[in-house]
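Structure, as structure tokens:
Each chain gets a letter, A, B and so on, in the order its sequence line appears, and its residues count up from 1.
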Amino acid sequence: MEKYEPSKIEPKWQKCWEEHPELSAADDAVNKPKYYCLDMFPYPSGDGLHVGHVESYTATDIVSRFKRMNGKNVLHPQGWDAFGLPAENYAIKTGTHPDLRTHQNIANFTRQIKSLGMSYDWSREIDTSNPEYYKWTQWLFLLFYKNGLAYKKMGKVNWCPSCQTVLANEQVEDGICERCKNEVIQKDLEQWYFKITDFIENNKETTGLIEGLGKVDWPGSTIAAQKNWIGKSEGVEFKFKVKNSDSEISVYTTRIDTVFGVTYVVVGPEHRIIKGLKDKISNIEEVETYVAETKKKTDLERMEAKVKTGVELRGIKVINPFSGQEVPLFVADYVLSQYGTGAVMAVPAHDERDFEFAKKYDLPIKRVIEPKFIAGPGSDSAIMPGQEYIKRSAIAAVIRNPKDDTYLCISWKTAHMHGIVTGGVDEGEDIVEAARREVLEETGYKNLKLVKISDKAIHSLFYHRVKKQNRWARFQYVIFDLIDEQQEAIDEKEAALHEIIWKKKEELRDFFSVIEGTYIMNLLDNIDSAFTDDGVVYNSGEYDWMDSSEARKKMAQWLEKEGIGKKKINYKLRDWLVSRQRYWGAPIPIIYCDKCGAVPVPEKDLPVMLPTDVDFKPIGESPLAYSKTFHDVVCPKCGGKARRESDTMDTFVCSSWYYFRYSDPKNREEFASKENIKKWLPVDLYVGGAEHSVLHLLYARFFTKALHNLGYVGFDEPFLKLRHQGMILAEDGRKMSKSLGNVINPDVVVKEFGADSLRIFEMFMGPFDAMKPWNTKGIVGMQRFLDKVWRFSETVSDSNEPDVKIQSLLHKTIKKVTADIEDFHFNTAVSQLMILANAMEKETVIFKDEYGKFLILLSPFAPHIAEELWSRIGNDKSIFLESWPEYDAELAKDEEAEVVIQVNGKVRDKMTVSADMDEEEMKALAIASEKVQAHISGKEIRKIIVVKGRLVSIVV
RNA sequence: GCCUUGGUGGCGGAAUGGUAUACGCGCUAGUCUUAGGAACUAGUUCCCGGAAGGGAUUGAGAGUUCGAGUCUCUCCCAAGGCACCA
């Protein structure tokens, strides 16, 4: 038999599959259950395919082939996200038209993908820069426009001076353009927006962007990232009255429970109250100078400023509606004008920013929240007397509050760890005994009962607060409550305890303050940080001793009753800015007429074609504006002189709906027909990089929701199941990058090892979603494996006398590989195939049926070699027309099982018995074992646990 | 700081609460070969021991359990996302 040479067989089968497109085509007509398996379509960059592309495309190829063999009508398309800045920048540099460059790149990508044996339905290929495609991008823009979801407004926008275009908030990272890494500045410009904020919450029948995340199967991190980006916060908005004036200042807060701690109010520099109260502000010049200065700063400079700055509006006092207290008013640029009301109530004791500011300007800091370490009955951190004694989960202190029958508990471990107990534990002494001893010395009580308490509750008290100060507090005293084993005695003991506490009150004052019968640790008398957690409210009038959450509820009710405020929900997400002043994108289909204003281009005139007579140099305005053929038009409404909108759309608009187009890529009447959308969508499996966790996925969801809301589609989440491939690092553990010269080119790997080896290797490297380093030596192992499979095809025999061992392993493999593909555990699927191959190789004869089934299992992973060997064992049809094998639970069973015998949890012997031996028999055999006898003889057997076919555990 | 995901041999990694280290790489020895390579065979978590055997071990500590990599709690570390959003 000749050697396994991938370079010979792979091109051969690729050609054959190309001649038989029905093997990978999605059939609109057939009435089988559908499965839509989608890759995030690539941007065809000049660098060509990356090993990361190979990883995700192999995964979807495996799933697609697997689903087809399981009788599904699979839609597995590929296309090109062809518009975008790199091609345009390349054009500026070299003078090559972006269209030409893009299509060269697409040709290269296509060649590379085909060389990997991917089973795409190429008849559905799409290209967002093709007028047949962007016609519908424009049509969707107009659909949104007509329904009030696309609008133009003047506003502060992110402007990248280097790219010479505006950017969406999502494309700015830390004030830096994510593309070119230059600083982004703020500019006032009139721009187009999509109303994505209409869909944050449910909108009529359409599930909102937040709630919809609850019904999709997506990675937790991506769901979290989206929620985080939307940034929903629930709070209240209410008014501070300005003293001696009709003016009011609305503030927004999520922590109304801290309102009695307000010591000043701050407005952002753009707040209109500054103008409104101009006459009353005694230092107006100073204020105006400050405002002017902050306006000059970029967002980046504002954020980078280490020290908070601000100016008091002298002569102005505002009144806290809860306490009636008068507090000063400040202007400071740490308050964001765009968020909430642009004004905040400042609570330095419980907000880090306010704290910092108050320290700097020497403003009062008033504490109104204490950490909650007194647990009420029913709470899981509350421990009531009479609970069982638990051996090592000691306590240090239990103090009862007789007023409401709650207990303060301090765990021994925690107390000791933090130096609360000074006595310490002697070497080798039991920690619980140490506690008893110390208590005894302190109090003279003997019948101490130790109770278990939640470390978590303690944690919030000691660790959290103390660590924030970057030092460990040390205590000199400890008070123990005594909970006697006799319930009756408790009252008496309690009295005694209180006596002790009161007696020690003087000494204790340093760290316990006594408030209303509740002992509150006064650790932070010298506050050097804000306490920002929820806790118990005090110094707050009628709200005293409520939990933060309860106080928030009651305070909001009061505000609403008084008519000074209301509950309010705020979001960080703003509307999506979609216009770009660049050439290589889909033109916005709007015409401006002096008479009629903005007029949508009539549908029959779509697409608005990108002109070719332009210079690409970015000049701060779209290059389209200088195309005579493009710019000057007549108004479609009145026939008068008019000009076209010269901006193009953000490329994310093009990629927000492409998954619809695949269902009906050649439709000239609609973006996709209703039947085809209904037939194929939503997408069952979507695979792509985690870098799209926020932008693309959020925008695509918005498009689907908008189309659902307008009645075009019957579902409101486009991607049911989403998986991200993990990043593949270079061999040195660093990111692959051109500048480091450590990029692996798939072409080179295919040439040296073959596409099948590359595919299997990328699947075998580790969990699909994990970051993993490349290792060229590792591919050798894959080649050896495939070589082995190739070699032992020689031992295949027509006879059908099954080998029990191989048959059992084969069925186990069918079971595991099937489950692993469903679960995206490709690495263990490959490993299981290797185990089967290793076993088959050791046999002198392999039966054809078993070998064939093995090849079918291998085929989605390594399609070329599977197809080749399949034909070599006498099949004339493609292996991909076979059905996926089913496993037989009976055959997968082991006849014999190796049973482990444990004594006190340690493995002492093993025995091989028949798999269905009953428990009594196993017990008897286990006890009879010599090695076991050595460990149990002379001892009493207390317990025996038997797990059938697995183990016997003997406890002595 | 917050959110998310992780931490297991020399390396990538595997393990429904039930033999930790499957599978692959690497390494060691051997077979074949003029030689190198390839291929094949055996071995390979660590410590003690010639062996039989024993002990330790899944970032650290504790808890639940006959039994914990896996469940609970605390701490430490790493990666990624968000971040002056009140």
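- The distance between atom CD of A:Gln226 and atom C1' of B:G80, rounded to the nearest whole Å, is 16 Å.
- Counting only heavy atoms from C-beta on, A:Tyr252 has its side chain closest to B:A86 among B:C23, B:A86, B:C66.
- Side-chain proximity of A:Trp229 to B:A83, B:U19, B:G12: nearest is B:A83.
- Heavy-atom neighbours of A:Glu752 CD from other residues, nucleotides or ligands within 6.0 Å: at or below the threshold of 12.
- As judged by a 4.0 angstrom heavy-atom cut-off over every strand, A:Ile945 is placed among the base-contacting residues.
- Rounded to whole Å, the separation between the P atoms of B:A20 and B:U70 comes to 14 Å.
- Here A:Thr828 does not reach the OP1 or OP2 of B:A22: none of its side-chain N or O atoms lies under 4.0 Å away.
- On the P atoms, B:G54 is 27 Å away from B:G63, given to the nearest whole Å.
- Using a 4.0 Å heavy-atom cutoff across all strands shown, A:Lys777 reaches sugar-phosphate atoms only and no base atom.
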A:Tyr361 and A:Tyr264: ring pair (Phe, Tyr, Trp, His ring centres under 6.0 Å), yes or no, with the steps? CA-CA 11 Å; A:Tyr361 292 99; A:Tyr264 62 103; 8.9 Å; no
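- When distances are taken from the side chain of A:Lys788 to each of B:G55, B:A14, B:C40, the shortest belongs to B:C40.
- In this structure, the CD atom of A:Glu731 is 12 Å from the P atom of B:G26, given to the nearest Å.
- Along RNA chain B, the nucleotide nearest to A:Ser953 and the one nearest to A:Tyr339 differ in position, and the one closer to the 5' end is contacted by A:Ser953.
- The nearest whole Å value for the distance from the CD atom in A:Gln832 to the P atom in B:G24 is 12 Å.
- Across all strands shown, A:Thr254 has heavy atoms under 4.0 Å from sugar-phosphate atoms exclusively, and none from any base.
- Atom name P, nucleotides B:U19 and B:A68: the rounded distance is 12 Å, in whole Å.
- Following rounding to the nearest Å, A:Lys910 (NZ) and B:G18 (P) show an atom-to-atom distance of 16 Å.
- For B:U19, the OP1/OP2 oxygens have no side-chain nitrogen or oxygen of A:Arg908 closer than 4.0 Å.
- B:G9 shows a glycosidic angle within 90° of 0 and is accordingly assigned syn.
- B:U8 and B:U74 have their P atoms separated by 22 Å, given to the nearest Å.
- Across the P atoms, B:U21 and B:U45 are found 9 Å apart, a figure rounded to whole Å.
- Between A:Lys816 and the choices A:Thr818, A:Asp820, A:Thr813, the side chain to side chain donor-acceptor pair (under 3.5 Å) rule is met once, by A:Asp820.
- Ring geometry, A:Tyr334 versus A:Phe357: the interplanar angle falls from 30° to 60°, so the pair is classed tilted.
- Between A:Lys772 atom NZ and B:A79 atom C1' the separation is 14 Å, expressed in whole Å.
- Within a 6.0 Å sphere centred on NZ of A:Lys772, heavy atoms belonging to other residues, nucleotides or ligands number more than 12.
- Listed nucleotides B:G55, B:A86, B:U41 differ in distance to A:Glu841; the shortest reach to its side chain belongs to B:U41.
- Across all strands shown, B:C40 pairs with B:G30; the Watson-Crick or G-U wobble distances both stay below 3.5 Å.
- Applying the ring-ring contact (aromatic ring centres under 6.0 Å, His included) test between A:Tyr4 and each of A:Phe792, A:Phe753, A:Trp790 identifies A:Trp790 as the sole match.
- With RNA chain B read from its 5' end, the first of the two nearest nucleotides for A:Asn228 and A:Ala343 is the one closest to A:Asn228.
- For the pair A:Lys572 NZ and B:C3 P, the computed distance is 13 Å after rounding to whole Å.
- Counting non-hydrogen atoms under 4.0 angstrom, A:Pro767 reaches the backbone sugars and phosphates but no base.
- Minimum atom distance to the side chain of A:Met834 is reached by B:C23, of the listed B:C23, B:G55, B:C25.
- Distances were taken from every side-chain heavy atom of A:Arg791 (C-beta onward) to each of B:A39, B:G18, B:C82; the shortest belongs to B:A39.
- Using a 4.0 Å heavy-atom distance criterion, A:Val955 is classed as a sugar-phosphate-only contact.
- Across B:G81 and B:G17, the matching P atoms stand 32 Å from one another, rounded to whole Å.
- Between A:Arg723 and the options A:Thr222, A:Asp769, A:Asp217, a side chain to side chain donor-acceptor pair (under 3.5 Å) holds for only A:Asp217.
- Of the candidate nucleotides B:A86, B:C23, B:C25, B:A86 has the atom nearest to the side chain of A:Thr253.
- Put simply, A:Arg784 has a side-chain N or O that comes within less than 4.0 Å of OP1 or OP2 on B:A39.
- Out of B:C84, B:A79, B:G12, the shortest distance to the side chain of A:Lys308 is found at B:C84.
- OP1 or OP2 of B:A14 lies within a sub-4.0 Å distance of a side-chain N or O belonging to A:Asn827.
- Nucleic acid contact for A:Asn570: none, since no nucleic acid atom lies under 4.0 Å from a heavy atom of the residue.
- Which of B:G18, B:G81, B:G12 sits closest to the side chain of A:Ala225 comes down to B:G81.
- Using a 4.0 Å heavy-atom criterion, one finds that A:Ser221 contacts the sugar-phosphate atoms exclusively.
- The OH atom of A:Tyr264 sits 11 Å away from the C1' atom of B:A86 (whole-angstrom rounding).
- Proximity of A:Asn775 to the phosphate of B:G13: no side-chain N or O atom is located under 4.0 Å from OP1 or OP2.
- Within 4.0 Å (heavy atoms only), A:Met727 reaches no atom of the nucleic acid at all.
- Look at B:G24: its Watson-Crick or wobble partner, with both distances under 3.5 angstrom, is B:C11.
- Of the P atoms belonging to B:G26 and B:G12, the separation is 15 Å, rounded to the nearest Å.
- For B:G53 and B:G59, the P atoms lie 29 Å apart once the distance is rounded to whole Å.
- With a cut-off of 3.5 Å on both Watson-Crick or G-U wobble distances, the partner of B:G67 is given as none.
- Here A:Arg950 does not reach the OP1 or OP2 of B:G67: none of its side-chain N or O atoms lies under 4.0 Å away.
- Look at A:Tyr334 and you won't find any side-chain N or O under 4.0 angstrom from OP1 or OP2 of B:A86.
- Pairing for B:U5 goes to B:A78, judged as Watson-Crick or G-U wobble with the two contacts each under 3.5 Å.
- Nearest to the side chain of A:Ala224, among B:A86, B:U4, B:C84, sits B:U4.
- For the residue pair A:Thr795 and A:Glu843, no side-chain donor N or O sits within less than 3.5 Å of a side-chain acceptor on the partner.
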Going through the checks in order, is the ring pair (Phe, Tyr, Trp, His ring centres under 6.0 Å) test met by A:Phe826 and A:Phe824? CA-CA 6 Å; A:Phe826 305 111; A:Phe824 262 63; 4.9 Å; yes
